[in-house]
2 protein chains.
Amino acid sequence: MKPFSSYQNPALAADLVVFGYYDNTLSVLLLNSKAEPFKDCWTLPGAFVQMEETLQQACSRILTTKLGMDKVYLEQLYTFDDPQRDPRGRVVAVAHYALINPKKFEVVAGQMANDVRWFPVKKLPALGFDHKEMFGVALQRLRSKILYFPVGFELLDEQFTMTELHELYECILGIGIDRRNFRRKILDSEYIINTGVKREGLQNRPAELYKFNKKLKRNNFQLNIS
Amino acid sequence: MKPFSSYQNPALAADLVVFGYYDNTLSVLLLNSKAEPFKDCWTLPGAFVQMEETLQQACSRILTTKLGMDKVYLEQLYTFDDPQRDPRGRVVAVAHYALINPKKFEVVAGQMANDVRWFPVKKLPALGFDHKEMFGVALQRLRSKILYFPVGFELLDEQFTMTELHELYECILGIGIDRRNFRRKILDSEYIINTGVKREGLQNRPAELYKFNKKLKRNNFQLNIS
DNA sequence: TCAAAAGTGTTGTGATTACACCCATGG
DNA sequence: CCATGGGTGTAATCACAACACTTTTGA
């Protein structure tokens with residue numbers, strides 16, 4: 001049995017939903033493609049998977065070369081396989097999502113794209129391919145994951161205030177959460193540590209700064225939303 | 001940009017973790033492969049995805065031609081992409097799991113396999129490729145899914161007793177669940193309907209038979225385990 | 001002293017757990 | 001009448017939701 005030479009295989013792509021959080025807004029990175037079939041359309045960043053690389057490596061390659069990012073939180077989402085999803089031919093795409101802190105990277109348009117921009121998730125333009133669907137799956141996954149796993153820390157600075165974390169959760173989930181109940185829940189979970197440092201220099205009471213408790217075993221957290 | 005002819009693509013496979021439930025045991029269907037590289041080894045059923053077919057269709061093809069099954073519950077799990085996972089060459093495999101009622105099908109070994117057998121999940125043999133890992137992901141997914149979605153009904157007969165459903169949950173989750181609390185929870189969720197019929201002929205009190213309430217909107221169920 | 005955001009506890013309610021006895025049937 | 005599994009209710013506990021006032025700072 002030698003299917004590797006005798007059969008034709010679909011092309012394999014890795015596509016990325018890159019989430020970033022700034023100005024109290026959750027955003028997604030989109031490319032304005034230079035090439036057909038979605039020229040001048042916004043699309044998710046993606047690339048064909050090479051014979052010798054893993055999906056993770058393909059994603060890293062996209063992040064590094066096209067976007068100037070590295071070492072980010074990355075998770076596989078779902079594989080999209082509609083034979084018609086790419087007008088150029090059969091492409092099976094494995095969707096991933098990444099979480100980054102936009103402050104840490106300067107986004108640069110690579111050779112493939114005219115333009116790379118952050119779009120607030122509530123103001124997305126029309127997307128090419130089946131990328132709207134990929135985005136939907138990614139947002140859903142992020143929303144459910146943040147309830148039982150501390151993914152939020154990937155989006156914030158090393159140190160952050162309780163209010164910043166609180167606003168991040170409200171923003172991602174799209175709901176209001178009682179401030180005191182949120183604080184208690186988070187502190188009880190022991191996912192964060194008080195650094196003892198305070199954020200000074202504002203014209204109101206200085207907020208305590210926290211950091212993520214990296215030593216924590218998982219399964220210790222379940223946020224139920226109000 | 002014409003990557004479809006100019007680049008070589010990895011082979012794409014669909015692999016299946018087929019769960020069945022009988023004799024109070026959750027089992028998985030394995031093939032004893034006739035072909036290298038895992039001749040006389042147990043493996044999960046799988047096939048290469050053809051250019052014109054979807055992953056779902058590839059799975060159906062496996063289920064129909066190799067196993068004589070059709071129209072079963074099927075869900076995509078995860079895509080396995082380690083370049084070394086198949087000694088024959090680069091194969092990216094999209095793992096799925098299926099739920100079937102073994103009573104409804106007669107398992108037949110297709111031309112690819114010497115032998116097709118059900119193995120209780122607690123007594124699995126060594127598996128070829130990375131199929132142990134695929135199985136692990138599948139079991140984990142089934143366990144978490146059954147807590148908020150009525151997948152259990154795919155494994156039982158059309159009509160079933162509360163005790164049968166209870167035992168199924170205990171078996172899949174591998175824990176004991178209080179009988180009265182389970183009953184209350186399930187009935188409150190309205191996922192099942194009392195048919196009014198009873199299972200007669202046993203030498204004890206006849207049990208009421210229930211069926212799945214197919215009209216129910218989702219999101220109405222959250223089983224918390226004791 | 002004022003504005004603006006940070007910090008803090010309590011109480012009512014609803015859900016979950018733990019638990020034991022009676023019922024219906026066939027042999 | 002007995003063995004077997006089927007069916008039922010309640011009380012204690014816990015977790016969550018709702019809620020308002022005080023503190024600290026800079027201007």
Side-chain angles (χ1 to χ4, degrees), chain A residues 23-25 144 146-148 152 156-157 159-171 173-211 219-226, chain B residues 23-25 144 146-148 152 156-157 159-171 173-211 219-226:
Chain A
D23 287 348
N24 234 330
T25 308
S144 73
I146 204 174
L147 297 178
Y148 66 91
L156 296 174
D157 293 344
Q159 300 196 343
F160 49 87
T161 65
M162 188 61 85
T163 301
E164 286 166 354
L165 187 62
H166 180 214
E167 287 173 342
L168 172 65
Y169 270 77
E170 289 190 325
C171 178
L173 295 171
I175 57 168
I177 305 173
D178 183 272
R179 197 159 55 92
R180 282 159 293 185
N181 293 340
F182 178 81
R183 174 181 292 263
R184 178 179 30 252
K185 194 91 192 189
I186 293 287
L187 288 174
D188 287 353
S189 78
E190 299 179 340
Y191 267 124
I192 64 177
I193 301 169
N194 192 325
T195 60
V197 185
K198 300 196 179 195
R199 174 157 295 165
E200 315 264 0
L202 300 174
Q203 47 182 117
N204 44 29
R205 180 174 179 172
E208 300 184 345
L209 284 167
Y210 296 87
K211 62 179 180 182
N219 295 356
N220 201 19
F221 182 52
Q222 175 67 50
L223 186 69
N224 296 305
I225 52 176
S226 52
Chain B
D23 287 348
N24 235 330
T25 308
S144 72
I146 204 173
L147 297 178
Y148 66 90
L156 295 174
D157 294 344
Q159 301 196 343
F160 49 87
T161 66
M162 187 63 82
T163 301
E164 286 166 353
L165 187 62
H166 179 214
E167 286 173 342
L168 172 66
Y169 270 77
E170 288 190 327
C171 179
L173 294 170
I175 58 169
I177 305 172
D178 182 273
R179 196 159 57 92
R180 282 159 294 185
N181 294 340
F182 177 81
R183 172 183 293 264
R184 180 179 28 252
K185 195 92 190 188
I186 293 286
L187 288 175
D188 286 354
S189 79
E190 300 181 340
Y191 266 125
I192 62 176
I193 300 168
N194 191 325
T195 61
V197 185
K198 301 196 178 194
R199 173 157 297 165
E200 315 265 0
L202 301 173
Q203 49 181 116
N204 45 27
R205 179 173 177 173
E208 299 184 347
L209 285 168
Y210 295 87
K211 61 180 180 181
N219 296 354
N220 202 17
F221 182 52
Q222 175 68 50
L223 188 68
N224 296 304
I225 51 177
S226 54

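In what follows, every heavy atom counts, from backbone to side chain, and hydrogens, waters and symmetry copies are set aside. Convention: sequence-line order gives letters A, B, ...; per-chain numbering from 1.
What separates CD1 of A/I175 from C1' of D/dA17 is a distance of 13 Å, to the nearest Å. For the pair A/F182 CZ and D/dA18 C1', the computed distance is 18 Å after rounding to whole Å. The interatomic distance linking B/R199 (CZ) with C/dG26 (P) rounds to 15 Å, in whole Å. What separates CG of B/L202 from C1' of D/dG5 is a distance of 9 Å, to the nearest Å. As rounded to whole Å, 21 Å separates atom P of D/dT4 from atom CD of B/E200.
A/R184 pairs by the salt bridge (Lys or Arg N to Asp or Glu O under 4.0 Å) definition with nothing, not counting sequence neighbours. In this structure, A/R179 has no side-chain hydrogen bond (donor to acceptor under 3.5 Å, both in side chains) partners at least two apart in sequence or on a different chain. Contacts of A/R205 classified as salt bridge (Lys or Arg N to Asp or Glu O under 4.0 Å), with partners at least two apart in sequence or in another chain: none. A/Y169 pairs by the ring-ring contact (aromatic ring centres under 6.0 Å, His included) definition with A/F182, not counting sequence neighbours. A search for side-chain hydrogen bond (donor to acceptor under 3.5 Å, both in side chains) contacts involving A/R180 returns nothing, not counting sequence neighbours.
In this structure, B/R199 and B/Q159 approach most closely via the heavy-atom pair NH2-O, 3.9 Å.
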When you check every protein heavy atom under 4.0 Å of nucleotides 4-12 of chain C, what one-letter string (B, S, -) results, 5' to 3'?
BBBBBBB--
